[in-house]
Protein chains: 2
Amino acid sequence: MSEQESYYKKKQDPSLKLFVVLTKAQRSVADLVKDDIQRYGLNPTEFGVLELLYHQGEQPLQKIGEKILLASGSITYVVDKLEKKEYLERIPCPNDRRITFASITEKGREFLNDIFPDHWKQIERITDGLTDEEKVQAIELLKKLGQNAEGNQN
Amino acid sequence: MSEQESYYKKKQDPSLKLFVVLTKAQRSVADLVKDDIQRYGLNPTEFGVLELLYHQGEQPLQKIGEKILLASGSITYVVDKLEKKEYLERIPCPNDRRITFASITEKGREFLNDIFPDHWKQIERITDGLTDEEKVQAIELLKKLGQNAEGNQN
DNA sequence: CACCATGAATTTTATATTTAACTATACCCT
DNA sequence: AGGGTATAGTTAAATATAAAATTCATGGTG
């Protein structure tokens with residue numbers, strides 16, 4: 001089989017196609033969500049950290065890294081930025097002096113309360129290419145795909 | 001409705017859930033593909049550019065940026081790197097001296113021919129959480145989602 | 001108790017990417 | 001032809017992220 005034939009055959013392959021289409025869709029969606037978030041003066045990472053603290057309460061920096069998938073050095077960096085904006089504060093752990101908690105401030109909480117409604121509306125708009133039934137389908141498939149891929153990490 | 005209730009209600013919302021799950025799945029998959037590509041000494045962007053030239057022939061740098069969604073400054077950067085590795089060369093356009101083409105070299109072509117088979121195998125492995133039928137379903141849904149989101153960019 | 005392996009956070013360094021400013025060329029248009 | 005405007009690519013600066021080295025604290029074990 002020639003190079004060209006081999007390529008055209010491969011382009012039909014569901015695995016490869018899925019990878020390409022997953023990449024593009026996520027990129028398109030993420031770019032629009034990013035535009036939305038930037039209007040509020042945050043980038044998606046900062047927003048993600050703040051959201052985490054809002055919903056799950058104060059966390060050791062370490063844990064934040066695990067949940068948001070960010071290297072420890074990067075955590076220090078974004079927590080610094082959020083602290084400068086006064087949306088969170090560092091709280092030393094009394095029992096274990098190696099540990100520092102990050103905790104959302106009242107200002108941070110109010111900030112999120114202010115922007116959530118419109119933010120959610122934007123996400124609905126951005127994803128309105130699919131009906132609710134299709135979204136549920138997509139969620140199931142993506143969950144399966146993602147969980148399996150994670151498990152493969154060795 | 002309290003903040004907490006509002007949050008828990010929102011967590012059920014298919015749009016928001018879809019966004020979260022799309023982000024995570026893509027991240028898991030992309031990380032593994034990245035590991036695969038790095039074994040060959042490239043990062044995903046370099047790989048993407050090279051693949052584009054392999055499949056679609058020489059391109060004005062400008063066009064590469066449009067197709068890969070990369071700012072013009074970044075194009076210069078990755079094309080420089082690929083040129084240093086001798087996987088591509090710059091070719092000035094004779095008709096329009098503003099334009100420079102990037103063209104894959106023989107070395108670059110051989111390189112991709114060497115790695116494609118295993119690369120495809122890896123992608124199959126990474127996506128094997130879904131059956132072929134599910135992949136086809138997911139492709140349709142993601143295509144629809146992505147195209148619609150792109151259209152929203154105004 | 002003293003030592004050492006581990007773990008958490010920071011610091012530093014490297015890499016990737018975007019944005020903005022700049023240069024050169026081409027096109028238009030009267 | 002000349003002047004204005006748009007386009008391609010590069011350069012430089014700013015930002016984001018990852019990777020590696022460093023510091024400090026803890027807990028276990030000989």
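Reminder, nothing fancy here: chain letters follow the sequence lines and each chain counts from 1. No experiment lies behind these values; they were computed from the predicted model shown.
Going from atom CD1 of B:Ile99 over to atom C1' of D:dA6 covers 13 Å, rounded to whole Å. Here the C1' atom of nucleotide C:dT10 and the CZ atom of A:Arg90 are 9 Å apart, to the nearest Å. As a whole-Å value, the separation of A:Ile37 CD1 from D:dA16 P is 13 Å. Taking atom CG on A:Asp31 and atom C1' on D:dA16, their separation rounds to 15 Å, with Å as the unit. Rounded to whole angstrom, the span from the CG atom of B:Leu61 across to the P atom of D:dT11 amounts to 12 Å. Distance B:Ile68 CD1 to C:dT18 P: 12 Å, rounded to the nearest Å. Look at CG on A:Asn95: it is 15 Å from P on D:dA25, rounded to the nearest Å. One atom, NZ of A:Lys84, and another, C1' of D:dT15, lie 13 Å apart when rounded to the nearest Å.
Taking side-chain N and O atoms only, A:Tyr77 has no distance below 4.0 Å to OP1 or OP2 of D:dT17. Of the side-chain N and O atoms in A:Lys81, one or more sit less than 4.0 angstrom from OP1 or OP2 of D:dA16. For D:dT17, the OP1/OP2 oxygens have no side-chain nitrogen or oxygen of B:Arg27 closer than 4.0 Å. A:Lys63 has no side-chain polar atom (N or O) that falls below the 4.0 Å cut-off from OP1 or OP2 of C:dA8. The side chain of B:Ser74 contributes no N or O atom lying less than 4.0 Å from OP1 or OP2 of C:dT17. Note on B:Asn43: a side-chain N or O is less than 4.0 Å away from OP1 or OP2 of C:dA16.
Ring centroid separation for the pair B:His119 and B:Tyr40 does not come in under the 6.0 Å cut-off.
In this model, a side-chain donor or acceptor of A:Ser72 finds a partner on the base of C:dT10 within 3.5 Å.
For the residue pair A:Val29 and B:Ala149, the shortest heavy atom distance occurs at CG2-CB, 4.2 Å.
One finds a salt bridge joining A:Glu66 and A:Lys63 here, because a Lys/Arg side-chain nitrogen approaches an Asp/Glu carboxylate oxygen to under 4.0 Å. Ion pairing between B:Arg39 and B:Asp118 holds under the 4.0 Å rule for side-chain N and carboxylate O. The existence of a salt bridge linking B:Lys135 and A:Asp13 is excluded, since no basic side-chain nitrogen approaches an acidic carboxylate oxygen closer than 4.0 Å.
Between A:Arg97 and A:Leu70, the one whose closest nucleotide on DNA chain D sits nearer the 5' end is A:Leu70. Nearest-nucleotide mapping onto DNA chain D: of A:Asp96 and A:Gly73, the residue sitting toward the 5' end is A:Gly73.
A:Tyr54 pairs with exactly one of A:Phe111, A:Phe116, A:Tyr87, A:Phe47 by the ring-ring contact (aromatic ring centres under 6.0 Å, His included) rule, that one being A:Phe116.
A:Lys34 comes within contact range of no nucleotide atom at all, as no heavy-atom separation falls under 4.0 Å. Within the nucleic acid shown, B:Thr100 comes within 4.0 Å of sugar-phosphate atoms alone, with no base atom in reach, counting heavy atoms only. Among the protein residues, B:Asp80 comes within range of no part of the nucleic acid, since none of its heavy atoms lies under 4.0 Å from any strand.
Candidate nucleotides C:dA9, D:dT10, D:dT26 were compared by shortest atom distance to the side chain of A:Arg98, and D:dT26 ranks first. With distances taken from any side-chain atom of A:Thr76 to the nucleotides C:dT11, D:dG9, D:dA18, the minimum falls on C:dT11. Checked against C:dA16, D:dG9, C:dA9, the side chain of B:Glu46 finds its nearest nucleotide in C:dA16.
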